There are 2 protein chains.
Amino acid sequence: MDENELPRVLQQLWGIEGRSRPGPKPAFHISDIARAAIKLADAGGLAAVSMSKVAAELGFTTMSLYRYVDAKDDLYVVMLEYAFAEPPVLDPALDWRGRITAWAEAFRDGLRRHPWILQIPIQDPPLSPNQLAWMESGLDAFDGTPLAPQDRLSAMLLVNIYVRGTAQLTANMLTEPDEVREADRLYTQRLTMLATPDRFPGIAATLEQPLDEGYAGDFDVAEFTFGLNTVLDGIHTRITRQTP
Amino acid sequence: MDENELPRVLQQLWGIEGRSRPGPKPAFHISDIARAAIKLADAGGLAAVSMSKVAAELGFTTMSLYRYVDAKDDLYVVMLEYAFAEPPVLDPALDWRGRITAWAEAFRDGLRRHPWILQIPIQDPPLSPNQLAWMESGLDAFDGTPLAPQDRLSAMLLVNIYVRGTAQLTANMLTEPDEVREADRLYTQRLTMLATPDRFPGIAATLEQPLDEGYAGDFDVAEFTFGLNTVLDGIHTRITRQTP
DNA sequence: GCACACTGTGTGCGCCATACACAGACCATA
DNA sequence: TATGGTCTGTGTATGGCGCACACAGTGTGC
């Protein structure tokens, strides 16, 4: 393969069809694959997504999928692309802080809608259309700031990492709020048992204090924005340092 | 199982043996399993770790492992526990910033030594001894600050997330520096092709500027500490806001 | 000295990703 | 309009995986 050639999946996602050549017409489109796979993943997590199950969902045989997707990993790329869809349109009236906050919340909401996204092993940096659109949207949030392009990239990545990381901590696959509460209760109980104040004073201190919040506890909206603001404060000082 | 009972793996990791009861003595210890599994993972990534391969490495049969580990996921817990080993001892002469920086760098070095750690799907919050020791160590870095225990936890998690996130971006499995450079070159080339300035001005701007640094490019030491300092600046403002 | 809990083993099941050969469908060209 | 070549979806097969289960031997506490 010429190295200038994109992998087949990316070609399909970007709509670079090329030719209408001899041979039967494709019976479906990668978007169909995406829809079927996302449906399965939403229902049963990423583990519920297998080539055969996706194919069965579409009413085709397993091997037919390989006409659209070179390998399982490519299936993940397709799922990601369609699960996130378009990035939010950011209100230009807001300042950078308001804009990147809206962006982060939209990102978080996407992850909350499709928790399996966090389970996808990231192999390559993003190149699909919607992924790039999200990147662009995040970068644009810093329009009007004195940050250089590279610094905007770093800042956006920082927020990106934060959202992913916190989502990872909270939404470990559990969709039912009751399950979350129960798991949290069990965790704090075990932690209390194991992290004795003599050996782990710091951990023990965090356990004494609050009402019901353990480590990966109810990392709810308030806590999300609180942590996010800490990150944004850091970016803020970088900005002000830039313009003395 | 009584809910107060820890899962078998955690019992083993904490050395809660209980009894010397009838029956043959165990032929090996979970640390042996850990060593074998880590060896395989270091060599061939997490995908190279299977129950049968680990067993073969030890000279035992596959099923014998299940006497020590209830499921594959537990194997991951064991690997994590032994791969990270003890947290760094933080110099109390340093201020919180120096301490948490040292902690973050130690964490980063651990991830760099064992990149497969990033591929482990996180199911449950940490409860194993060394994991808790790392938590404690990270919390202790904020000794002397006016931060409340819960805020220390948030701050530590923020740093934790940052290190994981950046490591995820850079060390995507590629151990050879040449491979990294090559992958980066290919990525920027493709990005340049796809992210045209008209549709993706922000992305294009980041591409024009620099010498050879693309998105997931050489996220080297300097860039690591730069981003980390942004995070720490955020924590700093939170601290100073606490004590007016 | 004996019962039995606990050890490691062997076999087997169902699922997975995917390589490969193939029959038919369709379009470009003649 | 005929036909060649190419692309489609399909069937079959392979090697790996996690793990359930039945089993035989071992050694400790009674």
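Keep in mind it's a predicted model, so treat the numbers as computed, not measured. Convention: sequence-line order gives letters A, B, ...; per-chain numbering from 1.
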Open item on the list: Check the phosphate of C:dT9 against B:Thr61, side-chain N and O only, distance under 4.0 Å to OP1 or OP2. Yes or no?
Closed with: yes
Task: Test item: B:Gln11 side-chain N/O and B:Leu6 main-chain N/O as donor-acceptor pair under 3.5 Å - done: yes
Open item on the list: What is the separation between atom CZ on A:Arg8 and atom C1' on C:dT18, rounded to the nearest whole Å?
Closed with: 13 Å
Open item on the list: Rounded to whole Å, how long is the line connecting atom OH of B:Tyr68 with atom C1' of C:dG8?
Closed with: 8 Å
Task: Distance in angstrom units between B:Lys25 NZ and D:dG29 C1', rounded - done: 14 Å
Task: Upstream residue (5' side of DNA chain D) when B:Asp73 and B:Gly23 are each assigned their closest nucleotide - done: B:Asp73
- [ ] Return the value, rounded to whole Å, for the distance between atom CG of B:Leu58 and atom C1' of C:dG8.
- [x] 13 Å
TODO: Report the distance from atom CZ of B:Arg67 to atom P of D:dC23, rounded to the nearest whole Å.
DONE: 14 Å
Task: Rounded distance in Å - CG (A:Asp32) to P (D:dT8) - done: 15 Å
Task: Within 45° cone of B:Phe224 ring axis and under 6.0 Å: B:Arg108 NZ or CZ - done: yes
Task: Side chain of A:Pro24 (C-beta onward), nearest among D:dG9, C:dC26, C:dG8 - done: C:dC26
Open item on the list: Before we go on, tell me: are the rings of A:Tyr162 and B:Tyr162 under 6.0 Å apart, centre to centre?
Closed with: no
Open item on the list: From CE of A:Met63 over to P of D:dG9, roughly how many Å is that when rounded to an integer?
Closed with: 12 Å
Task: Check against side chain to side chain contact (heavy atoms under 4.5 Å, CB included), A:Leu153 and B:Ile203 - done: CA-CA 8 Å; A:Leu153 186 62; B:Ile203 300 176; over 6 Å; no
Polar atoms only, N or O, under 3.5 Å: list the protein pairs with nucleotides 15-18 of chain D and their distances.
residue, atom, partner, partner atom, Å
D:dC17, OP1, B:Ser50, OG, 3.1
D:dC17, OP1, B:Lys53, NZ, 3.1
D:dC17, OP2, B:Ser52, OG, 3.2
D:dG18, OP1, B:Met51, N, 3.4
D:dG18, OP1, B:Lys72, NZ, 2.8
D:dG18, OP2, B:Met51, N, 3.0

Open item on the list: Starting the side chain at C-beta, find the nucleotide from D:dG9, C:dT9, C:dC6 nearest to A:Pro26.
Closed with: D:dG9
Task: Test: A:Arg35 and A:Asp32 ion pair at under 4.0 Å - done: yes
Open item on the list: Here's one to test your reading of the geometry: is the NZ or CZ of A:Arg8 within 45 degrees of the ring axis of A:Tyr68 and under 6.0 Å from its centre?
Closed with: no
TODO: Take A:Leu65 and A:Phe28 through the test side chain to side chain contact (heavy atoms under 4.5 Å, CB included) and record every step on the way to the result.
DONE: CA-CA 10 Å; A:Leu65 294 191; A:Phe28 51 94; 4.2 Å; yes
Task: Rounded distance (Å) that lies between atom P of D:dT10 and atom CG of A:Leu65 - done: 10 Å
